[in-house]
Amino acid sequence: MTKRWTLVCLAIALTGMVTGCGALQRQTERERGGQAETQNEVTLQVFTNLPDRCSGQGLAEQMLFDAYMEENPQVEIAVEALEDEAYKAKLRAYISGSQMPDLITVWGEPEFMDQLMEAGVLVELNPADYEGYGFTEHSLDGFSQGGRLYGLPRNRDIACFYYNAGMFEEYGWQVPETFEELLALAGRIRERGLIPVAMDGLDQWPLNIFFTDLMQQNCQGDLNAVLTEALAKKNFSDDIFSLGMDLLGQCTAAGLFQDKFETSDYSTAQHLFLDGKAAMFYMGSWDMDMARDPRIDAGMREEIRVFFMPPLKEQADGSRKLTMWHGGGYAVTRNGANREEALKLLSYMMRPEGWPWAVLENGACISAQEGEEPEQREGTSLQSDFLEALSLAESFSGVPLADRGDTSFRQACLASILELALGHITPEECRRALSFSY
Amino acid sequence: MAIRARAAAFYRHLKIQHKILLAMYLVVFAAGLVSSFVIYYYSWRSAQEDNQAVYQKMAESISGEIERIQQDIWDISIYMGANQEIHRVLSENPSKEEQDSLFWFSEIPVSFISDVLSIKSQFRTLILYPENGMEPYYVSRDSSVLKRDLSEIAGTDFYQEAAAARGDLVWFRMDAGENGIYEKNTSDKIVGMKMIFNMSKRRKLGLLAMGLDVSRYEAVCENVRLSGKECIVITDQNNKELVKVGELFGEDFSRAMELFPAGEGFARSGNYHVFGAKSEEGGVRVYYFSPEAVWFQKALGMLYVPLFLLLSLLVCMWPLTRYLSGLLARPLNELRLSMDRFRDGDFMQRVEVKGEDEIGQLAVSFNKMAENMQLLIDQNYVLALKEKESELDILQAQINPHFLYNVLDSLYWQAVNMENDTMAEEILALSNLYRLVLNQGQDIIEVEKEFELIRSYLEVQKMRLNRRLNYEIKMDERILHCRISKLLVQPFVENAVVHGLESSKWGGLVKVCGCREGDNLVFTVEDNGIGMQQEEADRILEESVRPHSDARISHYAISNIQERLRLHYRDRYKLDIISGENKGTLVKLVIPIEREQGKDGKNV
C-alpha cells in the first residue's frame, strides 16, 4: 500500500514539475512572440497586377487563392498587388535580383512576354497538363515561343465604349452606329457641358488601343496580318495607318475626349464617367466588373452599358469586327522558391471550374477558356453583351499596335500616337517615328 | 478558542510518526512558501524591469521601422525639392510651359520617380502642385483620384500646416472616402506634405503630397504587438493621431500624452503601462499602451511555476518523510509495546538497542529497569514466599515436633493396650501426617514422600468423614524417586475433600494419580463432589496468578503453588482445573522431570 502511494506521489510530483516547466516554456515563447513554422508549411509568393481585391478579377483571383489554401492547409499564399505600370516596373526589379515571386501575372503581348521567355525567367509548361482546360484557338500563341509554352492566358480583352444608358435616355441620345454619328454625338454631349468620352491619356496605352480599334473597324482586310507585316517590314505606309491617324485627329478635333485628357490617368478617366461628368468611358472588357462593384453607386451600376467602335459609314458592311486580344495571364517563375507548388496552384486556378467560373460568377471579365457553363450563371448584362459580341464577331484585331514590337517600339508608338492625337506631330512624322523606333 | 481546543485535542491524539510528519511538512511548507515568495518577488521585479525594457525596445523598433518606411518619402521629397528641372518648372513663367501639357514627361525625369514609386509598394499616391498654376504632376497606384486644382487645396488646414512647416514634412491621416486632397480616395493613407520654397524661403513654389498605405503602418504594429488587448498609437510630432492599432478602454489618449513631454520614456496612465518612442527623422511618435491586465497576467503566469514546484516538492517528499519519521517512531513504538508487555507481567521483555541516540539510551534504560524490576520482583516475591515459609516454620517451630510425636506415640500404645485397633491406626496416621508435613524443613521431596503425605492426610480425613469419603491413589513406580517441591499436590487433594466432598451430603470419591508422560510428570486430583462452574475454576486460576492476591485460603494455596511453580519451573509447567457444577472437579498438573534419585541416592 505504501509503495503504491509512493508511486502515486512520485507520478504527481513529476507531472507537476513537467507541467510547470512546460507552462514556463510556453509563456516564454508567447512573450517572445514567435511561433516557429512547421517544417511542412509552404508560403507561395504571388505577384499580381490586380490590386483591387474587392471586386472584379482581383476578387475572383483572391477567391481561388482562399479556396486553394482551404484545401491545402499547409500552403500560405502571400499576395503582392500593383496596378499595371507599377507592376511592370517592380517586376523588372525582381528580375534583376535573385528572389522572384513564385507565380506572376504576364501579358501575352510580344513586347512584354518575349523578353521574359528569351531571358529564361519562366518555367516551361507541359501543354498536355492543360488539355481539356478549354483554351480558345490562338489564345496560347502569345504565351508560347518556339513551340514551347510558358504561360496561360487569363482573359480575352475587348476594346469598348462604356456608356451611361440613363444619361443617354435622359437626353435622347442614341448609341452611334457609325463613326460619324459618334463625332456628332460628341458635339451634342459637349453642348450639355459634359464630356463625351473619358480617356486615359496619361498612361497612353488606352489611346493606342483606341487607335488600333479605329483601324480594325475600318480595315477591309485582316488587320492582324497587316500589323504583323508592317512591323516585320518596319513599314507603316499602308493606308489603314493613314486612315487611323486621320480618324484619331478627327476625334480630338471634335473634342471627343476631355480637355487635357493627356494628363488624366486611368482612375481619373473612370472617375469622370462614374461621377456622371462623362457620358462614355473608353476602356476594355476587363472593366465590366463596374456593374458589380459595391463601391460604385448602385444607380450608376445599373446604367452602365457597352457598345463597340463604330466604323465609318462607308465601311459599315454589316460585318462584326472586334478589337480583341489575349492580354493577361499567369506564369511560374524559374527562380521562385516553391516551383512545384506554384505549378499546382496554376493548374488549380485555370481548371475549368476555377478561373472561368469565378470570373463568370463575378462578372469580372471574359476568360480565355470556353467550356460548359455552370448551371446557375449569375453573370451581368454587360457580360452578356460582350459574350454576344464575341459570338457574332467575324474578325479580331489581335494584339494592339504598340504591344507588337519590342520595348523601344512600344515607347515610341505610345508617345507618337499621343503626340499625333494632340496635334503635336503630323501623321507622316508619326509614321517615321514608328519606322525608326526599332 | 473552540478551534484551538479542537486543534490541540487533534494534535494530542496524533501518533508520534504523524506528529513528526506534520512538523516536517509545516517546516518545509513554511520554508518553501517563504523562499517561493522571495524568489517570485525578485523574479517578478526582474521580469518587470526586463519587460519594461522589452516594451521600450518594441516601441523604439516600431519607431525605427516607421522611420524607414517614411525615409523614402523624405528622400523623394528632397529629390523633388532639389531637382533643378523640377525647380525650373516650378519657378518659371507658366505661359510658356502651358503649351506643352506633357512637359512633365518630356522635360522632367519623372520616370525615375514613377519607377521608385512602383518599387516601393507602400506608396499609393504622389502629387506635386506647382504654385504657378501649371498642371500638377501626379501618380496614383490605388485608383485614387487626386484633386488637380491647387485652389481647392490652398484653403485647407493641410496646406496651411505644410506652409507653416517651412519645408519640413508634415503628416496627415486621410481615410478612404474622405476627400482632403482627393476627389476619390480608395484606401486609408498617411499623407506626408511638404511645401517647396525658393532658396530664400520667401516664395512658395509648390506643394508635394505623398500618400502611404496605412496598412503598412498597421502591419508594423501588428508584428510587434504581443496581445490583442494592447494598443499602439502613432502620432506626428504634435501628438496628432495618425495610426491606431487596438483599442484603449477607459483611457484618454490626450491625457496620456501629457505624461510624455519629451515624447519618449515610460509612464503609467490609468490602467495602462505606456511606452513612448520618437523618431526625429521620421517625424513621428509611437506610444505603446499595455494594460495592467496583461502585466497582471504575466505576473500571475510567473506564479504558476514556483507554486507547481512547491506542490511537487510537498508531494514528492511524502515517501521520504514517511520513511524518516518511521525511523524515529518505530523504536519508540517497539519500546512502548515492550513496556505494555512488561506491564502485563512479561518480565523477560527487552528492547533491541539500535543506536546511541536518546532513543537508544531510552532502550538501554528500559532494559536496565526491566532487569532490576524482575530482580526486585523475584527477590520480593521470593521474600514473600520465604516469609510465608517462615510463618510456616514458626508455626512448625511453635509446634514442638518431639512433643507431638511423644504424645501421639503414647496415645497409640494406649489404643493398642485398649485393643482399639481403629483408634490406634488413626493415631498412627495423624502422627505420620505431622511428621511428613514438618519433614525436617526440606523444600524438595521425592514424589513417593508427597504421595505418602497425601495417603496419611486422606486416612485422617477418612477417620473424620468415614463413609462420606472414599479415595484411590495410583502412582507410577517410575516416578517414585522424582523430586518435586513439597506440598505441590496435597493442597489440591485438600481442596477436593474440603470444597468438593465435605459439603455434599453423600460425600464422594477422590482419585489421586501420578504418572510419567515423556519428560513430564503428570499429577491428577479428581473428585466427584459438588464441583463449580468452569468460569469460576478459570477465575481461580487467573486470580491465583496475581501476586499478593487477597483471595481466600484456597486461592492462597493455589496462588502459592502457582508462584512456586513459576519460580521453580518458569513457563515449563501446566496447571488446569476442569470442573462442572455437581459434576466434580479435575485438577491436572504437568511439570517437567528435573532429577531422579536412584535408591542409592545418585542422580539418574
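Sequence lines set the chain letters: A, B, ... in the order given, protein chains first and strands last, and positions in each chain run from 1. If you're wondering where the values come from, they're calculated on a predicted model, not measured in any experiment.
- Of all heavy-atom pairs spanning Ala78(A) and Thr43(A), the tightest one is CB-CG2, 4.2 Å.
- When heavy atoms are compared at a cutoff of 4.5 Å, Thr186(B) does not approach chain A at all.
- Considering only residues two or more places apart in sequence or on other chains, Ile119(B) meets the side chain to side chain contact (heavy atoms under 4.5 Å, CB included) condition with Ala93(A).
- Within 6.0 Å of atom OH in Tyr323(B), 12 or fewer heavy atoms from other residues, nucleotides or ligands are found, so the atom counts as exposed in its surroundings.
- Options Arg295(A), Gln270(A), His271(A), Glu85(A) differ in how many heavy-atom pairs under 4.5 Å they form with chain B, and the most are formed by His271(A).
- Heavy atoms closer than 4.5 Å to chain B are found nowhere in Leu91(A), neither backbone nor side chain.
- Heavy atoms closer than 4.5 Å to chain A are found nowhere in Arg225(B), neither backbone nor side chain.
- No more than 12 heavy atoms of other residues, nucleotides or ligands sit less than 6.0 Å from atom NZ of Lys120(B).
- Ring geometry for Phe257(A) versus Phe210(A): interplanar angle over 60°, hence perpendicular rather than tilted (30 to 60°).
- Heavy atoms closer than 4.5 Å to chain A are found nowhere in Tyr137(B), neither backbone nor side chain.
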